[in-house]
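Counting from 1, the numbers follow the sequence of the chain as shown.
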Amino acid sequence: VQLVESGGGLAHAGESLRLSCAVSGLSFDDYGIGWFRRAPGKGREGVASINVIENKTYYGGFVKGRFTISSDNAKNIVYLQMNNLAPADTAMYYCASIPRHTLNAGNFYSHYQYDNWGQGTQVTVSS
């Protein structure tokens with residue numbers, strides 16, 4: 001199993017970035033994918049997750065309509081479109097897999113439920 005993030009970088013406040021998570025070695029039939037972030041000095045925070053097969057999405061409260069999680073099933077990629085970025089969004093962003101039935105059971109933001117993690121991609125937002 002391998003999850004590889006890309007798309008991070010430097011943005012100014014109000015700008016957008018799209019992160020990608022390329023997934024290999026597991027099937028969306030059995031797994032959902034989530035995005036987490038970790039800012040310096042803080043713990044991991046659930047950003048968004050997706051049950052690709054059932055097209056169900058889950059978002060952290062702080063997203064407030066700014067971020068959208070989606071997937072390209074043919075390419076096995078999960079995206080995180082981030083709009084109207086703010087300096088508070090500065091963090092390392094990770095994608096991770098979670099058994100689909102576990103995701104459906106709730107608590108998508110509980111990182112311990114995710115079993116495979118990527119290496120992360122850094123997002124830095126300047127004011």
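Hydrophobic clustering of Ile, Leu, Val, Met, Phe, Trp and Tyr side chains at less than 4.5 Å, counting indirect connections, unites L80 with V123. The same ILVMFWY cluster, assembled from side-chain heavy atoms under 4.5 Å apart, contains both V78 and L17. Hydrophobic clustering of Ile, Leu, Val, Met, Phe, Trp and Tyr side chains at less than 4.5 Å, counting indirect connections, keeps M92 apart from L85. Both F62 and I69 sit in one connected hydrophobic cluster of ILVMFWY residues. Membership requires side-chain heavy atoms under 4.5 Å apart, directly or through other members. In this structure, F108 is not a member of the same hydrophobic cluster as M82, with clusters built from ILVMFWY side-chain heavy atoms closer than 4.5 Å.
Here D72 contributes atom CG and S20 contributes atom OG; the two are 9.5 Å apart, rounded to the nearest 0.5 Å. Once rounded to the nearest 0.5 Å, the distance linking CG of L3 with CG of N76 reads 10.0 Å. Once rounded to the nearest 0.5 Å, the distance linking OH of Y79 with CD1 of I50 reads 11.5 Å. In this structure, the separation between CD on Q113 and OG on S97 is 12.0 Å, given to the nearest 0.5 Å. Going from atom CD1 of I77 over to atom OG of S71 covers 10.0 Å, rounded to the nearest 0.5 Å. Rounding to the nearest 0.5 Å places CG of D115 at 8.0 Å from CD1 of I98.
Side chain of R18 to backbone of G7: no donor-acceptor contact under 3.5 angstrom is found. When atom types are taken as modelled, the side chain of E5 and the backbone of C95 share a donor-acceptor pair closer than 3.5 angstrom. Proximity of a side-chain donor or acceptor of T90 to a complementary backbone N or O of V125 within less than 3.5 Å is detected.
Environment of CD in E54: crowded, with over 12 heavy atoms of neighbouring residues, nucleotides or ligands closer than 6.0 Å.
Shown here are the salt bridge (charged side-chain N to carboxylate O under 4.0 Å, His left out) partners of R66, two or more places apart in sequence or in another chain: D89. Under the salt bridge (charged side-chain N to carboxylate O under 4.0 Å, His left out) criterion, E15 pairs with no residue at all, not counting sequence neighbours.
Closest non-hydrogen pair, S49 versus L103, comes out as CB-CD1, 3.8 Å. Shortest non-hydrogen contact noted between R100 and D29 is NE-O, 2.8 Å. Closest of all the heavy-atom pairs between Y59 and T68 is OH-CA, 3.4 Å. The two residues R38 and K42 come nearest to each other via the heavy atoms CG-O, 3.3 Å. When all heavy atoms of H12 and S126 are compared, the pair lying nearest together is CD2-OG, 3.1 Å.
Q2 has its side chain out of reach of N116: every pair of non-hydrogen atoms, C-beta onward, lies at least 4.5 Å apart. For the pair I33/Y114, no side-chain contact is recorded, criterion being any heavy-atom separation below 4.5 Å from C-beta on.
Residue pairs that meet the disulfide (SG to SG under 2.5 Å) test with at least one member in residues 58-93, sequence neighbours left out, do not exist here.
A distance of 6.0 Å or more separates the ring centres of F67 and W35.
Counted by atom type alone, Y109 and N107 present one or more donor-acceptor pairs between their side chains at under 3.5 Å.
Looking at Y93, Y94, W117 one by one, the single match for ring pair (Phe, Tyr, Trp, His ring centres under 6.0 Å) with F36 turns out to be W117.
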